A.B. asks: 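My structure is below; once you've seen it, I'll send some questions.
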Amino acid sequence: MELSFLAFLAPLLMSIVFALPWKFSEKTISYLTLTSLVIALWGVFFQLDLFIVNGFKPFEVILLTLKVGGHDFIISSWIDKFGLGYLTISIILAMMVTKFSHTYLNLEKGYQRFFATILFFVFGLIVLSLAGHLDLFFAGWEIVGFSSFLLISFYRHHSRSVNSAFNIYTIYRICDVGLLSGAVLGHILWKEAATFSVLNDLSVQVIQDSQGLNLLIFSLCLILASLGKSAQFPFYNWPARAMEGPTPSSAIFYGALSIHAGVLLLIRTEVVWSHVMGMKILIGIIGLITFVLSRFQKQVQSNIKGKIAYKVTSHLGIMFILLSFELFDLVFVYMILHAIYRCFEILISPSIVASSDSSNNKRIINKMNQRKSVPATLYLLSSLDFGFSFSFKRLCHQIGQWMVGGKHFGFIVFIIGGITYLIKFDEYELILGGVGVYFSLRALFFHSNAFKIVLDIFTSILFMVLSFVDSHEGIHLASSFLLPIFPALMLILLIVFFYFRNKNLNYYHGLGSGHVWQANTFMLSFMVLAGMPISSAFIAEDLILEYLILFEPVLTLLCLFILMLNGVSLAKVYTKLFMGRMSKWN
Amino acid sequence: MKIENEMLNRLAEDLPIIRPIKEFVHLNLLLPYQNQDFWSALKCVSEKFESYTFNPISFYQEQLATNFIKEEKLKERLQLRLGDEGIEGFNLFIKNKIQFTHYDPRIAPMHESWSKQAKINLTELSDGILIKWLSSFLDQGIGDWEMPESSNLSFYHVVSHLLRASILLPAPFSKKLLEEYLPHSAEESIERTLAVLCPHEELQESYLRECVMTLRGWAGLVRTLETIPGLLSFQRKIDLTDFLAIKLFLEVSWIKQTNSKVVAPSFISKDRNASLSHIEFETLRALQECYEEETFQEMIDSLKEAKITEKEISYQAIFCMDDRESPLRTYAEEYDKKLQTFGTAAHFGLEIMYQHSDYAFAKKQCPAPATPKYHISEKSHSISRPEGLFSYFKKLFFPIIHEKLQGVEERFLNTELKVHRGNESDRHNGLKSGYSLDEMADVVYSQLKLIGLMDLAHLILVVGHGSTSSNNPYFATYGCGACSGRAGSANSRSFAFMANHPEVRKIIQSKYSFEIPETVYFLAGFHDTTRDLIEIYNPDSLPSELRSDYAKLKETLEFAVQKNATNRSKLFKLTTHLGLKETRLRAKSLFEPRPELGHTNVAYSIVGRRDLLKNLKLNRPAFFQSYDYRIDPDSKILASSLGAVIPVTSGINLDYYFSAVDNTRFGAGSKLPQNVVGHFGVSHGTESDLRFGLPLQMVDQHQATRIFILVEQTPVLAMRAIESHPLVNQIVSNHWIYYGCFDPYTKDFSVFFKGEMKKVKRLEDVWN
């Protein structure tokens, strides 16, 4: 039975094949993509069959147990109706979009890249919907976020697209902290990974008895994670700005699948948060605010994709409200139907011009003549996103700037960190972690020179490792962490040092077309460093956090921040150096 | 600084002309530069916009490798252009050293200095809001709420009203800002804001130039709406001053919000590398010249063999001169030797607004520069096509079934048109509602004379054309250029009605002493160029003696569309099965970015007798305007013919030329990520500049050449024909097109070069 899970590797395999430097013909690509999706669909049906045989009861399948230095990393799968339903629809929609795109992207530069990314995304969805525990769920979640980043910046020479891609990736990263800390907290709560089977067996009694505060934080983490992915207040403005890739990719990501992942997360973890009244109220209020605000903003949108984006967020708001009433089955059905409908609506959005020019135009005239005139205040606020999209970004920036401080702070903090490590007084780990966070912040907010940013990232990781490397187990974990991370970091450092030492990151340089291998190596190393599940760094990161949280919860949080901030900084370096404008023509 | 009209005109010079996307018209994308020589305009533009103005270098290398461009000739030409440096240019080219760098169009040095000074991204912050407001203001039906007062006030006052009437003012606005920088008039506002943003008087114009150049699309639309009023169905008052005033006001607001005391930076001029050096430019010019000359040479050589074979004619057909109709005509003529075809601009001389009974607004159905004087309406009928989501669903998954379920296409519906104006004083929205009999006679006779159709067969088919495409905001680009991008069926039907009218024939007889015999019958038809579908209107009305001819004609046309579809489908890269069915499916397919190839590769425009010139070796598509030199001794008819042909065909050709050579600067970029804004335009994503020109998918198979216009006339008369028309004269004498003539008496070929017609054997001989 475990072997049937191999079918789910088909999309990943094809994605890797397409990402290799060999060029395939469009027909081959489309054929292979469809084939791999059919194989994956077969896998889903196989699991569905087992699920039915099991009497519609969810069950767990343990696929692999990886032993890393005394710790077990279990790869398991949790099969339930929500995951299976979501996955079935995902793969069918992906097949539809593949068929659509095969013709639609004909002769487009980046045809292969598009399908590689879509398949990577589908693999992310598979991991996400079949994951047996939160750590694995997080892996799928990350893949979805990253492929989203890649597709928004599909037109790599368009600075606005790249800028949006970076901003949205930042929001994703911020919210990922929620999911990752949730996953790690699970280890405290249940002394093992937060598997869905454990969650499923939790009784109300247990939840109320044990560790009320931890559970509360756990729920908050999950909610934070779902806010980012499912574009809820205060992050509800990004889908309108994410409509930068080819129309089919916008359709499948922000109309259909990626954007509903947050709702799926909440449905699957309902046991945890639905017993706390406060959480339900919180979710309901967030949904309500999102609904109202995006409803208003939808009314003033005068471009079709922006309008659909706000329609999507407002419906997600309704789903959140329904979630707070514990109507999980209803929300699930709603979510699936909504996904299909919106996917379709975005796909046909270009035809709106023609329909306004055909016999439908009488309808539009009527609409225009009957349009409501609203108070200026409401119109103004709606057209300015109620001030949220501007102020949020600036707030982050100002806080960051303030925390980093002046020019020589870096040196001082480095010395402090060094002395702390040498003397090792009480709680020195926390100071080292703090120093690490400082350098991560400095990389993101202070520098505008590529090399200095990478150097600061290097320093922050150095201090992070130093903070837990004292014990025997710590050394063990650190080495397993550094084994993939160090070469990746060195590669980035060398590339930046030798080729882009003096590049000012206030501008886009768009050097990707002239420096192909540098761009690709940078990208791969970046994925390793960002903890993407393509290298063992992902597992090592997980185990380190798991190890740390047992004796030093605050340090865990600091390490999380370091990882998150470094991901954002690297994305910034990557986009500014390699994307954003055309550097070479002909 | 006072805002003067001259300064605005100077700013507007570099703005593209952007019509609402439904009213698409092919125009020379460098229209303001048309008063310069072609090459100096290219040079000027490539420096100004940092744009590339040639085919890809790899393309020329390929041409050299296949010996299409001869190396010897190229070296000679380089010698001519560059003297001793010629060989250097050749080496640069051979060694692949010519490289072109693009810069971000949004880079504006003065704004950048400001961004540094105020530590914010000034352009991004202010453009985001400006674009939102502009598109909401101009919106034609996507937004659900109307921007308050937008149908009454001008843009500047609408924004001013919006901010003043609002109880809450979010960042970056404040009451103080409004009072200070939003005074009663837009001009005054610009004066005040410019004093903050750019206190140096002499730099103010360049500052404003940056403002419009970073948002070329939007500024261009605003300028176009200002200069051509009435383009939008729901009219809006806006001009470039409003645009600038609000843009500057937003910039000031952001700057004041971050730091109220910040002062203008000293603007440092930033050196950018010239896009192409002199040697590189001239080398590419020589390559392009050689390529064009080689392309046209084959046609010129084949002129010697042109001759007319006498044949019996039993029916005639008038098509559009469009290059997509030419192959169809050739196939039909080959299949049936008794068919004679004519080409003309397919508005057939009618300058009308056409009111479709289902539509709310009348549409312009004549060439873009003309102003319609007549209004023709369709008498209402009650067949409507549902276009709901379900029908889209069918289209997406089952295009074949959808095609079958589709039933009647509305443009084939045999409804009645109100062409005749019974009462002389009938008016509709200030337009004459229909033609009087006298006016009809003028239209019919002048049209027939224009194309030299003086020997009438008994059955004459008048064919308009249009296209069908789904999920395609650019649908109007495939329509009939002479009908402002719409389907020309209303014109062909009206023309047939006029020509069939017995009273009209009588007037023609008495006024022009030209007889249209009673036995002659005009039949209207319509050709869908995407689906290759020919429909004939009302064949039942035919007199019984013409029925057999009609049946044959129908068979011929069926054969021709079949063959045309098959040949066309060979050009589509993805089609596996060739044939009519597959080609037709493209039109209905929701995921087909290239429903047809439009005017791709068009390179000739031929004005002359079809019988003589149809056997020319044309390696590229050609426009074919019929013209008979024998009835035109003083070239007046030629002059009026060229007055339409040259601006239209050169417009189409140069639109394709520039969109193809630099799709990021002149063209609209890939259409895949595009987003429809307010029913009037498209942009990349949600908050960016409006795109203009043609999308990549329309021009990616286009090999850019200028168009060759060949007329059948003596050099002296050909010269006289262009001299009478200033616009045509400008286009020809500045070499935006090649203009040649074929002397019907001596069989010599001459080409226009530096103000005169030169008799040559080969095109390059003009340089000697």
Side-chain angles (χ1 to χ4, degrees), chain A residues 100 103-108 155 158-161 240-241 243-247 299-307 347-362 364-365 367-368 371-374 376-377 379-381 383-384 386-387 390-391 508 581-586, chain B residues 21-22 52 56-58 99-104 106 129 132-133 135-136 139 141-148 162-163 165-168 170-171 234 358-360 384-385 387 392 410 470-473 475 573-574 590-593 664 670 672-679 684-686 688 700:
Chain A
F100 190 104
T103 324
Y104 201 61
L105 266 82
N106 180 13
L107 299 181
E108 184 79 0
Y155 292 96
H158 200 261
S159 56
R160 207 173 254 279
S161 308
R241 292 182 177 80
M243 303 285 187
E244 297 276 355
T247 307
Q299 310 279 31
V300 301
Q301 292 295 316
S302 47
N303 62 79
I304 184 64
K305 283 185 186 169
K307 193 175 168 182
L347 283 181
I348 61 166
S349 69
S351 46
I352 192 161
V353 190
S355 77
S356 76
D357 198 52
S358 71
S359 38
N360 274 5
N361 85 342
K362 274 197 175 155
I364 287 165
I365 306 304
K367 180 185 153 194
M368 282 293 278
R371 285 208 299 196
K372 278 198 204 89
S373 167
V374 290
T377 317
Y379 195 93
L380 181 70
L381 289 176
S383 75
L384 295 177
F386 293 90
F390 296 120
S391 45
Y508 286 105
R581 64 167 216 214
M582 197 95 82
S583 70
K584 227 175 168 189
W585 179 262
N586 278 321
Chain B
I21 196 159
K22 285 184 269 181
Y52 185 73
I57 290 163
S58 56
Q99 248 157 32
F100 179 76
T101 314
H102 246 314
Y103 291 87
D104 192 332
R106 293 165 49 80
I129 303 179
K132 227 169 205 172
W133 283 347
S135 60
S136 302
D139 186 19
I142 289 186
D144 294 329
W145 285 347
E146 190 184 27
M147 197 167 181
L162 186 69
L163 290 169
S166 173
I167 307 162
L168 291 168
F234 295 94
D358 271 352
Y359 293 9
S384 62
R385 269 197 308 154
E387 274 283 356
Y392 279 120
E410 57 187 320
S470 299
N471 214 10
N472 177 18
F475 64 95
K573 294 267 161 87
L574 264 185
L590 282 175
F591 36 83
E592 183 51 74
T664 35
S670 172
L672 308 189
Q674 282 178 357
N675 182 13
V676 177
V677 184
H679 286 312
H684 184 123
T686 39
S688 53
D700 54 3

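Since the model is a prediction, treat every value here as computed from it, not as a measurement. Lettering follows sequence order; numbering is per chain, from 1.
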A.B. asks: Between chain B and each of A/Ser161, A/Gly306, A/Ser383, count heavy-atom pairs under 4.5 Å; write down the option with the most.
C.D. replies: A/Ser383
A.B. asks: Contact part of B/Asp139 toward chain A, heavy-atom cut-off under 4.5 Å: side chain, backbone, both or neither?
C.D. replies: both
A.B. asks: How long is the straight-line distance from CD of B/Gln674 back to OG of B/Ser688, given to the nearest 0.5 Å?
C.D. replies: 9.0 Å
A.B. asks: Of the backbone (N, CA, C, O) and the side chain (C-beta and beyond), which part of A/Phe386 lies under 4.5 Å from a heavy atom of chain B, both, or neither?
C.D. replies: neither
A.B. asks: What part of A/Leu380 gets within 4.5 angstrom of chain B, counting heavy atoms only: side chain, backbone, both, or neither?
C.D. replies: both
A.B. asks: Sort B/Leu168 into side chain, backbone, both or neither according to what part of it lies under 4.5 angstrom from a heavy atom of chain A.
C.D. replies: both
A.B. asks: Given side-chain contact (heavy atoms from CB on, under 4.5 Å), test A/Gln301 with B/Ile142 step by step and report yes or no.
C.D. replies: CA-CA 7 Å; A/Gln301 292 295 316; B/Ile142 289 186; 5.9 Å; no
A.B. asks: In terms of heavy-atom proximity below 4.5 Å to chain A, should B/Leu162 be classed as side chain, backbone, both, or neither?
C.D. replies: both
A.B. asks: Counting heavy-atom pairs under 4.5 Å with chain B, which one of A/Ile304, A/Leu384, A/Val300, A/Leu381 comes out on top?
C.D. replies: A/Ile304
A.B. asks: So for A/Ser349, is it side chain, backbone, both, or neither that comes closer than 4.5 Å to the heavy atoms of chain B?
C.D. replies: backbone
A.B. asks: Taking side chain as everything from C-beta outward and backbone as N, CA, C, O, which of these in A/Lys305 sits under 4.5 Å from a heavy atom of chain B? Side chain, backbone, both or neither.
C.D. replies: both
A.B. asks: To the nearest 0.5 angstrom, please state how far the CG atom of A/Asn106 sits from the CD atom of B/Glu592.
C.D. replies: 7.0 Å
A.B. asks: Quick check on the interface: out of B/Gly678, B/Ser135, B/Gly143, B/Gly685, who has the most heavy-atom pairs with chain A under 4.5 Å?
C.D. replies: B/Gly143
A.B. asks: For the OG atom of B/Ser136 and the CH2 atom of B/Trp145, what is their distance to the nearest 0.5 Å?
C.D. replies: 11.5 Å
A.B. asks: Assign the ring pair B/His684 / A/His158 to parallel, tilted or perpendicular, where the plane angle (0 to 90°) is split at 30° and 60°.
C.D. replies: parallel
A.B. asks: Any non-hydrogen side-chain atom of A/Pro246 less than 4.5 Å from a side-chain atom of A/Glu108?
C.D. replies: no
A.B. asks: Please determine whether side-chain contact (heavy atoms from CB on, under 4.5 Å) holds for the pair B/Leu672 and A/Tyr155, giving the CA-CA distance in whole Å, both sets of side-chain angles, and the decisive distance to 0.1 Å.
C.D. replies: CA-CA 10 Å; B/Leu672 308 189; A/Tyr155 292 96; 3.6 Å; yes
A.B. asks: Determine the option with the most heavy-atom pairs under 4.5 angstrom with chain B, choosing from A/Glu244, A/Met243, A/Arg241.
C.D. replies: A/Glu244
A.B. asks: Which pair of non-hydrogen atoms, one from B/Phe591 and one from A/Thr103, has the smallest distance, and what is that distance?
C.D. replies: O-CB, 3.3 Å
